[in-house]
Amino acid sequence: MAADLTYIGAVVLHAIHSGQRYGFQIMAAIELPSGTVYPALRRLEKGGLIRSHWEKATVARAEQRPIRKYYEVTAGGQSALIEAGKRFRFPEIEAVPKATAQ
Amino acid sequence: MRFVQIPVESRLLLWAASILVPSASRTEWRREWDGEIWWWIASQPEAARSVRERIALAVHCAGASADGLCLWMGDEERIARLRKVLRGPRACLGAGVCLLLLIGVLSGGFENTRRSLQATFFAPNPELAILSQTGPFMGQRSGVPPLKVAYWDRHSTSLQGASVYVIQADHRAAQVGVQFFKLLGTKPQIGRFFRSDDLPNSRSPAVISYEFWKRRLGADPGIIGRTITVDGQQLRVIGVLRRDFWFLGTHPGVWTLLGESSLPVGVTGAICRLRPGIAPIVAEQELRKLARQVLPRQSGTGVTISLLDAIVSSPIISLGPLWIAFAALAFALGALVTRAAVVAGAFLAGKTVFLLSVLFLGALEFGGVVSMTSIGGTTAAAGMAFFWLAIAGALCVRWAWNDQRKRCRKCLVRLTLPVRIGEGSRMILEPAGTETACPRGHGVLLTMEKNSVAPKDRWFPLDATWGELFAPVAKTTL
């Protein structure tokens, strides 16, 4: 999968690694449309480079918003990102501190 | 949780995209997208309120279809099922029928074809003809100058009358001679047609089409005698054409009078009505003689008279046998024929004829084939139209043949599982090519490289012992 990683896939992976954790946040960070970001997320997840999980409903309820699906980079994704970094130049994305990413 | 109102177009787009998502993951997919849209609206105060923001949100939701498609493509079973359907011969004919329906919808129910049929079979005009001038180069046809038409109209003994017409390139307006509508034998819906005392320049008299009257003037019954402005020109309406008026597939909204000495701008032609019992060839000889006597210096004294019924009916009549042939071949395909070669032949012929018929119908509806063949002045345009039609027809035939080559000789399903064999550098001892197999296990096709010495296509039927290899794999639970 790492060798097949496209530029878009690599940028999305880079954004997740930088702390952008749900679809809308990733989209806003890398300024790509939903029709590009979500298919890339599906391909990365299918390739095992990222994994997803739903946040706890109590957290969402406390913040009065719908629950989010969070994405995170797997170990395979980390190494793929390092490999991709040798081939591509990523846009600058402001890293999100872990505490606020939740 | 703060409640947000999702605009109806965005909801519709999401719903349409959700159809693509496999049912097992649809609920979760929808939950994620609903959350995303909530964030989109909640984070932008103007979202879903102004038109611009609604469009931006709709574009965002349109991205859901790409996401849904991605998930749908990931569903291997569904793709396999779709591929199976698409490989079958029914999909080929189904696509043709869909194309036919599309043409029907876009052309308002085959309007040109229907009107041509109506004009040909329900209101025949055996004496009405198109006049065109024959040029010196390979009988090339062109329009006839208005002066010459007026001269023939006055002096010919074989014609009841002749009238010139000029149709604008965009088909929105036309200019005609005084006798034009009288020669066509049509009657006005309201008002009258042109008279010899109508002058083309002072408050130009105009006859308008039924559609123009209905759509632009609200079917006003008191329109006769009023002045309307079209493209900056003031026109006095003297009559409205009938709803069923049809002239060579053209639909000008406004018909004005053309003076004998006017310089025509547009597609020029002329119509004439022969006297009863006069053959077109006799009239042609007389018109040539008149033209040589009076206008000896003008080039193009050759004249051709083509009967309107023959012009209009020729595409329709030629289409009829094609349809009958297709129906017969389709019947042969689907009916009691069991011999593979006959079925394959019927399928190929049916497919080719059907494609050509659809192409022709499309040209008849959108390409103005009828008007192009008959209006003298558009020889160059007609030539180009027929050139492209011929190219498209040749491509259809080629596609049909290539498609047939790639199908199973027994069940007509598209062959699959391509395997490269041989080596490109050894053309004689080990010819290179591609081997494809029928997914039902009926046989294998070996397609050799173009520069190979071996025959291009070789079909190897497989017997029942190969069946196990092509049988669907049973689902097992581990």
Side-chain angles (χ1 to χ4, degrees), chain A residues 1 4-6 8-9 11-13 15-16 19-72 94 96 100-102, chain B residues 1-7 9-11 13-18 20-22 24-45 47-48 53-79:
Chain A
M1 179 69 192
D4 299 336
L5 198 60
T6 60
I8 299 291
V11 169
V12 172
L13 196 61
I16 299 168
Q20 321 295 327
R21 301 191 60 200
Y22 56 94
F24 186 72
Q25 200 180 25
I26 298 164
M27 253 181 63
I30 59 177
E31 293 177 356
L32 283 173
S34 56
T36 306
V37 172
Y38 285 96
L41 285 171
R42 309 299 175 212
R43 281 197 298 273
L44 290 173
E45 193 170 9
K46 201 176 174 190
L49 303 186
I50 58 170
R51 60 172 164 258
S52 65
H53 68 272
W54 288 95
E55 71 173 341
K56 284 180 183 172
T58 48
V59 178
R61 214 176 294 130
E63 292 183 17
Q64 293 196 325
R65 57 170 175 75
I67 59 168
R68 292 172 186 157
K69 191 178 188 183
Y70 285 128
Y71 295 92
E72 58 188 334
E94 202 178 325
V96 180
T100 56
Q102 292 295 323
Chain B
M1 186 171 80
R2 188 184 139 196
F3 175 76
V4 294
Q5 176 75 37
I6 302 174
E9 66 278 359
S10 297
R11 265 185 285 159
L13 283 166
L14 264 188
W15 172 80
S18 71
L20 294 169
V21 181
S25 51
R26 196 172 292 156
T27 313
E28 196 175 313
W29 179 87
R30 188 63 203 248
R31 200 183 343 158
E32 186 180 8
W33 270 95
D34 281 342
E36 296 301 322
I37 289 164
W38 187 92
W39 269 104
W40 177 283
I41 297 172
S43 62
Q44 297 174 51
E53 291 302 326
R54 279 180 77 150
I55 291 171
L57 183 59
V59 170
H60 176 66
C61 291
S65 56
D67 186 25
L69 196 68
C70 181
L71 290 168
W72 185 74
M73 293 298 281
D75 187 341
E76 302 295 335
E77 269 186 37
R78 195 178 294 196
I79 293 169

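Computed from heavy atoms alone, side chains included, the values below leave out hydrogens, waters and symmetry copies. These numbers were taken from a predicted model, which means no experiment stands behind them.
Here the shortest heavy-atom pairing between B:Ala66 and A:Gly35 reads CB-O, 3.5 Å. Considering every non-hydrogen atom in both A:Ser34 and B:Gly63, the closest pair reads OG-CA, 3.4 Å.
Under the 6.0 Å distance and 45° angle rule, A:Arg68 does not count as a cation-pi partner of B:Trp38.
Using a 4.5 Å heavy-atom cutoff, the side chains of B:Glu36 and A:Lys69 are not in contact.
For the 3.5 Å distance criterion, the side chains of B:Glu28 and A:Trp54 qualify, holding a donor opposite an acceptor.
Here the CG-CZ distance, from B:Leu69 to A:Arg42, works out to 12.5 Å after rounding to the nearest 0.5 Å. Considering CD1 of A:Ile67 and CD of B:Glu32, their distance stands at 10.5 Å, rounded to 0.5 Å.
Salt bridge status for B:Arg31 with A:Glu55: absent, with no side-chain N to carboxylate O gap under 4.0 Å.
Between B:Trp39 and A:Tyr22, the ring planes lie tilted relative to each other; the angle falls in the 30° to 60° range.
Taking the salt bridge (charged side-chain N to carboxylate O under 4.0 Å, His left out) definition, one finds that B:Arg30 meets it with B:Asp34, sequence neighbours left out. When the ring-ring contact (aromatic ring centres under 6.0 Å, His included) test is applied to A:Tyr38, the partners found at least two apart in sequence or on another chain are B:Trp33.
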